[in-house]
Asker: 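Below is the structure I would like to discuss, written out as structure tokens.
Just so you know, these numbers come straight off a predicted model, no measurement behind them. Quick note on labels: first sequence line is chain A, next is B, and so on, each numbered from 1.
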Amino acid sequence: SQQGEEDPQALSIQEGENATMNCSYKTSINNLQWYRQNSGRGLVHLILIRSNEREKHSGRLRVTLDTSKKSSSLLITASRAADTASYFCATAGQFGSSNTGKLIFGQGTTLQVKP
Amino acid sequence: ETGVTQTPRHLVMGMTNKKSLKCEQHLGHNAMYWYKQSAKKPLELMFVYSLEERVENNSVPSRFSPECPNSSHLFLHLHTLQPEDSALYLCASSQEGPQMPLQFFGPGTRLTVL
């Protein structure tokens, strides 16, 4: 089964409103990361929250993590048209005993911010 | 600009062609990744190289053949592809260590197989 499942799949809001996206996962994690992808482009890392953290801020972004519920949320405050993109959460595990990071991505939330 | 470049950005090929995708990272990282992104599906990890050795091959068909000649370059050789292989192919790099690292992605190659 797929880790990092986002909810909702699509979200449309007006500029200035807040956007909240949720992510659920199934197994233990080292950290959870949020990425953004503009249409047809590569992913850009937004924020990382470690398993021992509950909340983290970066500019207009706020991420929460509830390891008891295996869920995370990404809040974008005072949204702008330029925030229109797909947002993915990714959970990090390991390849066996290797330290090589393995990220498992969800299907993403497509956010449209209307001017 | 993430420090990871991919060429070509767009590629159209027939099912009998052989082509290669190239990825280069300018970040001094020691791990590189190939992902496949198809419409309405999660990113699929295809290959991982750490310190130039393949760590993971996620049951990818043999018509995809990766090559990592050094820590800065990663190739994906393509041959006898199928139309369902049409997708966005993303390369990423990271610096491995005890903490799970951030991955930096290239812009992707949009592949269309006719």
Asker: Answer yes if the side chains of B:Q37 and A:Q37 hold a donor-acceptor pair under 3.5 Å, and no otherwise.
Answerer: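 Note: B:Q37 and A:Q37 side chains meet the donor-acceptor criterion.
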
Asker: Once salt bridge (Lys or Arg N to Asp or Glu O under 4.0 Å) is applied, do any residues pair with B:R63, and if so which ones, sequence neighbours excluded?
Answerer: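 Testing B:R63 for salt bridge (Lys or Arg N to Asp or Glu O under 4.0 Å), a comparison that skips the adjacent residues, returns B:D85.
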
Asker: With sequence neighbours left out, write down each residue that passes salt bridge (Lys or Arg N to Asp or Glu O under 4.0 Å) with B:R9, or none if nothing qualifies.
Answerer: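 Residues passing salt bridge (Lys or Arg N to Asp or Glu O under 4.0 Å) with B:R9: none at all.
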
Asker: Kindly indicate, with the supporting measurements, whether the criterion side-chain contact (heavy atoms from CB on, under 4.5 Å) is fulfilled by B:L43 and A:L103.
Answerer: CA-CA 10 Å; B:L43 260 72; A:L103 287 182; over 6 Å; no

Asker: Specify the closest pair of heavy atoms between B:L102 and A:H45, including all atoms of both residues, with the distance to one decimal.
Answerer: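 That would be CD2-NE2, 2.9 Å.
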
Asker: Using non-hydrogen atoms and a limit below 4.5 Å, what part of residues 104-114 of chain B faces chain A?
Answerer: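 Within residues 104-114 of chain B, the residues under 4.5 Å from chain A are B:F105, B:G106, B:P107, B:R110.
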
Asker: Can you list the residues that meet the salt bridge (Lys or Arg N to Asp or Glu O under 4.0 Å) rule with A:E55, with sequence neighbours excluded?
Answerer: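 Salt bridge (Lys or Arg N to Asp or Glu O under 4.0 Å) check on A:E55 returns A:R62.
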
Asker: Does a sphere of radius 6.0 Å around CD in A:Q9 hold more than 12 heavy atoms from other residues, nucleotides or ligands, not counting ones at 6.0 Å or beyond?
Answerer: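 No, CD of A:Q9 has 12 or fewer neighbouring heavy atoms, counting only those of other groups under 6.0 Å.
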
Asker: Report, as yes or no, whether the 6.0 Å neighbourhood of atom CZ on A:R80 holds more than 12 heavy atoms from other residues, nucleotides or ligands.
Answerer: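 At most 12 heavy atoms, drawn from other residues, nucleotides or ligands, come within 6.0 Å of this atom.
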
Asker: Tell me if the NZ atom of A:K56 is crowded by more than 12 foreign heavy atoms within 6.0 Å.
Answerer: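 More than 12 within 6.0 Å, yes.
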
Asker: Should we count CD of B:E84 as having more than 12 external heavy atoms under 6.0 Å?
Answerer: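 Buried by this count: over 12 neighbours within 6.0 Å.
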
